[in-house]
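What you see below is based on every heavy atom in this structure, not just the backbone, and it leaves out hydrogens, waters and symmetry mates. We count ligands from 1, going down the list as the structure has it; atoms in each ligand are counted the same way. Sequential numbering from 1 along the given sequence is applied to the chain's residues.
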Amino acid sequence: MAAQVPREIANAIVDPKAYADGGRIDAALRWLRRHAPLARAEPDHYRPFWVVTRHDDILEVERRSDVFRAGDTFTTLTSIADSAHIMTVTDGSPRLLRQLLQMDGTEHAVHRRLTQGWFMPQKLSRLEARIRVLARHHVDRMAGSGGHCDFVQDVALHYPLALILELLGVPAEDAPLLQRLSGEVLGSSDPDLSRNRTPNGAEGAAIAGHQAAVAELMSYFAQLSAARQKMPGDDLTSLLTRATIDGDPLGELELLSYCIAFVCAGFTTSCTLAGALWALLDHPDQMTKLQDGNVPLDSMIEESLRWVTPVKHLMRSAAADTEVAGVKIAEGDWLLLSFPSGNRDDRVFDEPFRFNIARTPNRQQAFGAGPHLCLGRHLGHLQMRLFWEELLGRLAAIEWDGVPRNMEANYVCGPKSVPVRFKVH
Ligand code: HEM
């Protein structure tokens with residue numbers, strides 16, 4: 001008989017609060033890796049799914065994308081009630097948007113190819129000077145805050161998004177609006193970020209807030225795309241507006257979804273930067289090593305990706321009866337890939353609960369794998385490297401100035417407050 005995830009652990013996996021209290025989710029996933037690495041969960045209010053917790057099994061499911069499909073049902077954890085709500089809005093489709101993350105096979109490859117060139121190292125090297133200006137500007141902003149700030153709210157949320165908005169051709173004055181909307185999309189289960197701020201969530205409030213924020217982003221990019229139709233620029237929105245697939249223009253839903261995916265993607269880099277600073281403040285020996293220049297920045301960034309793992313899960317569904325790690329999976333079954341779990345797997349990482357900026361090798365899987373491997377991984381990495389170069393070049397001292405807090409979310413999340421006191425040159 002297939003292993004069953006204990007009810008308490010199944011409920012923790014879907015509970016946004018368990019991710020805010022990192023210890024609770026870590027303990028749940030550690031137990032699963034050891035006792036039931038690929039087991040069936042039946043949490044309250046969700047349809048059952050398999051939880052894949054080991055690094056190698058996650059890689060296998062990601063790579064066998066012909067069997068484990070992304071686009072046939074919900075790509076992220078969605079309760080039975082929220083699924084029903086979405087399907088009434090979309091006429092039966094399990095998604096509000098149609099992003100790359102929700103496509104399979106040739107359709108996915110063709111859509112991905114439209115923008116892939118923009119995110120490859122060669123193109124990015126031409127953006128490096130501009131990214132450095134933005135990194136310096138955000139370090140200046142931190143320096144100008146009188147020696148203390150909330151690193152998340154004052155710096156990390158703004159910096160990665162600034163460049164992405166430039167790439168999309170969004171005017172700088174709209175940055176606050178898009179930042180708020182992306183926070184409402186990804187933070188719909190967090191009482192401080194949700195559009196419908198109801199502390200313990202009136203029934204349906206979170207999904208309604210999520211949906212309203214998505215609708216507002218769609219209408220924003222529909223207007224921008226219409227403007228670019230008339231007067232194209234050298235930006236991603238213009239590229240997608242003029243793009244064709246087999247001679248037909250890109251569908252409107254696909255176009256708007258693409259733009260929204262980029263806006264929301266900036267959040268993952270923000271989470272990783274803020275989570276890295278949190279970890280460095282909690283591990284002063286690692287901060288000293290970094291400041292002394294004893295460890296390459298790239299290695300610290302890989303470890304912060306492993307440590308933070310801002311994308312907490314993605315779902316797949318089985319297109320046929322099959323088997324993974326000796327466990328039989330039936331056609332139609334739903335599977336959860338737990339990236340934070342893979343990144344703490346002691347079969348792959350020595351002392352996985354130690355933040356070790358010199359870790360080599362580091363096979364972190366924060367960017368996923370297989371055909372959906374993060375398109376923006378080189379950009380995210382470059383943005384982080386340039387930011388750390390600029391910050392470390394000026395930082396004389398830094399320490400906690402309050403209690404840090406994490407977001408309450410089970411999909412993409414990280415710190416929502418990292419209060420610090422510091423001195424810069
Ligand atoms: C620290 C930063 C980032 C992390 C941790 C991250 C993580 C991820 C993960 C886990 C996936 C899913 C991979 C899978 O299904 O196997 C993904 C996909 C994606 N990411 Fe990122 N991401 C980051 C930054 C970015 C940035 C900066 C962009 C672009 C501006 C971006 C754009 C995308 C896109 C378009 C996809 C969908 C790819 C596909 O389905 O083919 N990401 N990312």
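Looking from atom 23 (C) of ligand 1 to the surrounding protein, the closest heavy atom is Thr268 OG1, 3.1 Å. Taking atom 18 (C) of ligand 1 as the reference point, the nearest protein heavy-atom neighbour is Cys374 CA, 3.6 Å. Nearest non-hydrogen protein atom to atom 12 (C) of ligand 1 is Leu314 CD1, 3.5 Å. Given atom 1 (C) of ligand 1, the protein heavy atom at minimum distance is Thr272 OG1, 3.4 Å. Residue, atom and distance of the protein heavy atom nearest to atom 11 (C) of ligand 1 are Phe367 O, 4.0 Å.
Checked by atom type, the side-chain pair Ser225/Thr241 shows a donor-acceptor distance below 3.5 Å. Counting only N and O atoms by type, the side chains of Arg64 and Thr322 include a donor and acceptor under 3.5 Å apart. Side chains of Thr75 and Arg95: a donor-acceptor N/O pair is absent below 3.5 angstrom, by distance only.
At least one N or O atom of His372, backbone or side chain, sits closer than 3.5 Å to an N or O atom of ligand 1. Residue Thr269 has no nitrogen or oxygen atom sitting less than 3.5 Å from a nitrogen or oxygen atom of ligand 1, judged on distance alone. Residue Ala369 has at least one nitrogen or oxygen atom sitting less than 3.5 Å from a nitrogen or oxygen atom of ligand 1, judged on distance alone.
The pair Glu390-Arg394 does not meet the salt-bridge criterion, since no charged nitrogen lies less than 4.0 angstrom from a carboxylate oxygen. Using a 4.0 Å cut-off between charged side-chain N and carboxylate O, Glu408 and Lys416 make no salt bridge.
With Arg63, Arg112, Glu62 as candidates, the residue nearest to atom 39 (C) of ligand 1 on a non-hydrogen basis is Arg112. Nearest-heavy-atom check against atom 33 (C) of ligand 1 across Leu375, Val412, Ile164, Leu382 picks out Leu375. When the options Ala366, Ala265, Gly266 are ranked by their closest heavy atom to atom 31 (C) of ligand 1, first place goes to Ala265.
If you look at Leu167 next to ligand 1, there are no close heavy atoms at all, none under 4.0 Å. Of all the heavy atoms of His381, none lies under 4.0 Å from any atom of ligand 1, so neither backbone nor side chain is involved. Residue contacts with ligand 1 for Val311 involve side-chain atoms from C-beta outward but no N, CA, C or O (heavy atoms, distance under 4.0 Å). Of all the heavy atoms of Gln102, none lies under 4.0 Å from any atom of ligand 1, so neither backbone nor side chain is involved.
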> Would Glu302 and His381 satisfy side chain to side chain donor-acceptor pair (under 3.5 Å), going step by step from the backbone distance to the final call?
Replying inline: CA-CA 9 Å; Glu302 287 299 298; His381 209 289; 3.0 Å; yes

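Those atoms of ligand 1 that come under 4.0 Å of a heavy atom in Pro310, given as number and element, are 5 (C). For ligand 1 and Met384, the ligand atoms under 4.0 Å from any heavy atom of the residue are 1 (C). The ligand atoms of ligand 1 that sit less than 4.0 angstrom from a heavy atom of His108 are 39 (C), 40 (O), 41 (O).
Judged by distance alone, the side chain of Ser93 and the main-chain N or O of Asp91 form no donor-acceptor pair under 3.5 Å.
Taking the six-membered ring for Trp, Phe119 and Phe262 have ring centres closer than 6.0 Å.
Heavy-atom distances between Arg377 and ligand 1 stay at or above 4.0 Å for every pair. Heavy atoms of Met315 stay at 4.0 angstrom or farther from ligand 1.
The side-chain contact (heavy atoms from CB on, under 4.5 Å) with Leu168 is formed by just one residue from the set Leu178, Leu239, Leu163, Thr237; it is Thr237.
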Run the side-chain donor-acceptor check on residues 343-359: report pairs under 3.5 Å with partners two or more places apart or on a different chain.
residue	atom	partner	partner atom	Å
Asn343	OD1	Gln365	N	2.7
Asn343	ND2	Thr309	OG1	3.0
Arg344	NH1	Arg306	O	3.1
Arg344	NH2	Trp307	O	2.8
Asp345	OD1	Arg347	N	2.9
Asp345	OD2	His55	N	3.0
Asn356	OD1	Ala358	N	3.1
Arg359	NE	Glu303	OE1	3.1
Arg359	NE	Glu303	OE2	3.2
Arg359	NH1	Asp350	O	2.7
Arg359	NH2	Asp350	O	3.4
Arg359	NH2	Glu351	O	3.2
Arg359	NH2	Arg354	O	2.9

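Side-chain atoms of Glu254 and Ile245, non-hydrogen and from C-beta on, never get closer than 4.5 Å to each other. Counting heavy atoms from C-beta on, the side chains of Trp334 and Pro48 never come closer than 4.5 Å.
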